[in-house]
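Worksheet: the structure to be examined is printed underneath.
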Amino acid sequence: MHEPVNVTPARAPASSGLSPLLWLLVPVAILAMAIVWLFQANPLQGFNNGAPPVENLTIERTILDHNGLRLLVRAGGSDPMVIAQVQVDDAYWEFQKDPQGPIARGDTTWISLPFPWVLGETHKVNFVTNTGATFEHEIAVAVPTPIATSGSLWSQAILGAFVGILPVAIGLMCYPALRGAGPGTMTFLLAMTVGLLAFLLVDTVVEALEFAEKSAPIFQGSVMVVLVAITSFLVLMGIGRRHGTPTGLALATYIALGIGLHNFGEGLAIGAAFTAGAAGLGTFLVLGFTLHNITEGIGIAAPMLKKSPTLASFAGLALLAGSPAVAGIWVGSLAYAPQWTAIALAIGAGAIAQVIVEISALIARPQNQGITALLSPSAFGGLAAGTAFMYTTAMLVKL
C-alpha cells in the first residue's frame, strides 16, 4: 500500500511592498511619457505630403434681424480652421467673427454679415476657408428670428398647451367611462398603450437620428443617440424598480414622463422649424397634433383603472406629459442646436422603452403566461389599434 501523500497548496508569490495605487501609476506614467514623446519627436511629420488638413464646418444656428445675418458655426477637422471669405448668393461680403482668430476643433464662433436679406426669399451662404475648402448653408425661407418678448412667449405657450396639454387632458377624461372595463378590455387598453408607445419609440429614434446627422461630426451623432437612449432606459429602469415593478399611479407617472420627454423633443423641432421659416403654421396642422396626442392621455389612464387617483393626480399627469411641449417650443425658437434636440429625443426614446417593458410585464402578470399573453386576441388587437391610430394621425402632422 502506498502511503498517503500530503499535498500542500502552492503559495502565491509574495507581493512586493508596492500598494495597488502605485502599481496603477506605472502604466499611467508610461502613457504620459509616450504622449510627450509623440509631440516632441513628431514622427508623423514624415507622412506629410503637403495635402491641406481635413476640415469640417457645421452651421448650428441662423439669426436674421435688421442688422443682417448672424450664423453660429462649429469647426471640425484636424487643425484650427480659418474662415477667409463668406459669400451670400454668389456675392462676397465683409464679415465679423466673435471670437476672433482661428476656430479650434470643436469650438464655435459667430459670423455676422450686414446682408440685406429679403423676406420670404431663399438665400445661400457659402463659407470659404484659407485652404480653399467651401461649406454651403441654405436659408430656405428668410423670416426675422423671433426675440423673447412677453407677447411671443405667451403665444408660443398657448400653442404648446393646445398641442400638448389639452389632448392629454382630453384623453384622461375618458377615465370614468373606462373604469368598469373587464379583464379583456383592460388587456386591450394596456396593449393599446404599448402599441402607441411603440410607434412613438420608432418615431422618436428616427427623428433623433435625423437631427444627429445635422449635428457636428465631433458629436458622433448616431452613436450619441444610441448611448443616451440606453443610459436613459437603464437609469429609469433602476429608479422605477427600486420598490418593485411599478403599477397604478406610479406606472402612469412613468408613461406621462416618457410622453413628456418625447413632446419636449417635438417642441424643439416645431420651434426651430417655425423660426427658420421651414413650416407654415395652419389650423389643420395644429388639429393634427391635437388628435395625434389624445390617445396618449388614454394610455396614461389605462394603468389606473383599478385605482382611485385624486383630481390633483390627473392634473399633474396632464402637465407632466403635455407641458414639456411648451418648454420645447420656447427653447427651439430661441436657442436651437441639432445636437441638443437629438439628445432630448434620445432621452425620450429611452424613457418610452422603459415604459413599454413595464406595461408588457403588467399585461403578462395576471395570466402568468409571459410573452404569450401579448399574443392573445385582446392584446394583439390593442397593439394593432394603438399603432394604427398613431400612424393614421401622424399623417396629419408630417409636412
Side-chain angles (χ1 to χ4, degrees), residues 39 51-118 121-148 208 210-225 228 268-269 271-278 330-344:
F39 279 98
V54 177
E55 294 179 329
N56 182 274
L57 192 71
T58 303
I59 292 80
E60 294 189 350
R61 185 161 170 78
T62 303
I63 295 178
L64 289 77
D65 55 25
H66 63 280
N67 293 320
L69 304 179
R70 293 182 65 220
L71 302 102
L72 179 65
V73 300
R74 187 181 296 273
S78 54
D79 291 337
M81 179 182 296
V82 176
I83 296 177
Q85 295 173 318
V86 180
Q87 291 178 325
V88 184
D89 295 342
D90 297 325
Y92 289 100
W93 286 82
E94 292 185 357
F95 65 94
Q96 293 182 342
K97 293 171 55 181
D98 183 22
Q100 296 287 341
I103 314 172
R105 171 182 169 85
D107 283 353
T108 59
T109 190
W110 282 98
I111 306 294
S112 302
L113 303 98
F115 175 74
W117 53 274
V118 181
E121 292 290 324
T122 299
H123 298 292
K124 292 185 178 180
V125 184
N126 197 33
F127 297 90
V128 184
T129 70
N130 63 336
T131 65
T134 59
F135 302 93
E136 187 175 287
H137 172 67
E138 182 181 273
I139 301 172
V141 182
V143 293
T145 303
I147 57 176
E210 289 176 354
F211 281 102
E213 289 181 0
K214 299 176 184 178
S215 63
I218 194 172
F219 293 110
Q220 306 173 72
S222 56
V223 176
M224 174 186 70
V225 167
V228 171
L268 286 174
F274 294 147
T275 298
W330 281 343
V331 175
S333 63
L334 299 174
Y336 165 78
Q339 66 270 15
W340 300 122
T341 303
I343 289 174

I need the minimum non-hydrogen distance between [X] and [Y], along with the two atoms involved.
{"X": "A142", "Y": "W117", "value": "CB-CE3, 3.8 Å"}
{"X": "A216", "Y": "T58", "value": "CA-OG1, 3.3 Å"}
{"X": "T122", "Y": "A140", "value": "OG1-O, 2.6 Å"}
{"X": "A212", "Y": "A342", "value": "N-CB, 3.9 Å"}
{"X": "W93", "Y": "P114", "value": "CZ3-O, 3.4 Å"}
{"X": "S215", "Y": "G221", "value": "OG-CA, 4.3 Å"}

> With side chains defined as the heavy atoms from C-beta onward, is the minimum distance between V331 and W340 less than 4.5 Å?
Replying inline: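 No, their side chains stay 4.5 Å or more apart.
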>> Less than 4.5 Å apart, side chain to side chain, heavy atoms only: is that true for I111 and F127?
In response: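 They are in side-chain contact.
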> Is there a side chain to side chain contact (heavy atoms under 4.5 Å, CB included) between I83 and F95 once you walk through the steps?
Replying inline: CA-CA 10 Å; I83 296 177; F95 65 94; 4.1 Å; yes
> Going through the checks in order, is the side chain to side chain contact (heavy atoms under 4.5 Å, CB included) test met by V73 and T109?
Replying inline: CA-CA 6 Å; V73 300; T109 190; 3.5 Å; yes
> Hey, is the main chain of G106 close enough, under 3.5 Å, to the side chain of R74 for a donor-acceptor pair?
Replying inline: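 A pair under 3.5 Å: yes.
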>> Testing the 3.5 Å rule here: is there a donor-acceptor pair between the side chains of E55 and T131?
In response: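 Looking only at side-chain atoms, T131 and E55 do form a donor-acceptor pair, the distance falling under 3.5 Å.
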>> Using side chain to side chain contact (heavy atoms under 4.5 Å, CB included), reason through L69 and I139 one step at a time and then give a plain yes or no.
In response: CA-CA 10 Å; L69 304 179; I139 301 172; 4.1 Å; yes
> Run the side chain to side chain contact (heavy atoms under 4.5 Å, CB included) check on D89 and F115 step by step: do they pass?
Replying inline: CA-CA 10 Å; D89 295 342; F115 175 74; 3.8 Å; yes
> Per the side-chain contact (heavy atoms from CB on, under 4.5 Å) rule, which among E136, E138, H137 passes with N126?
Replying inline: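 The option that passes is E136.
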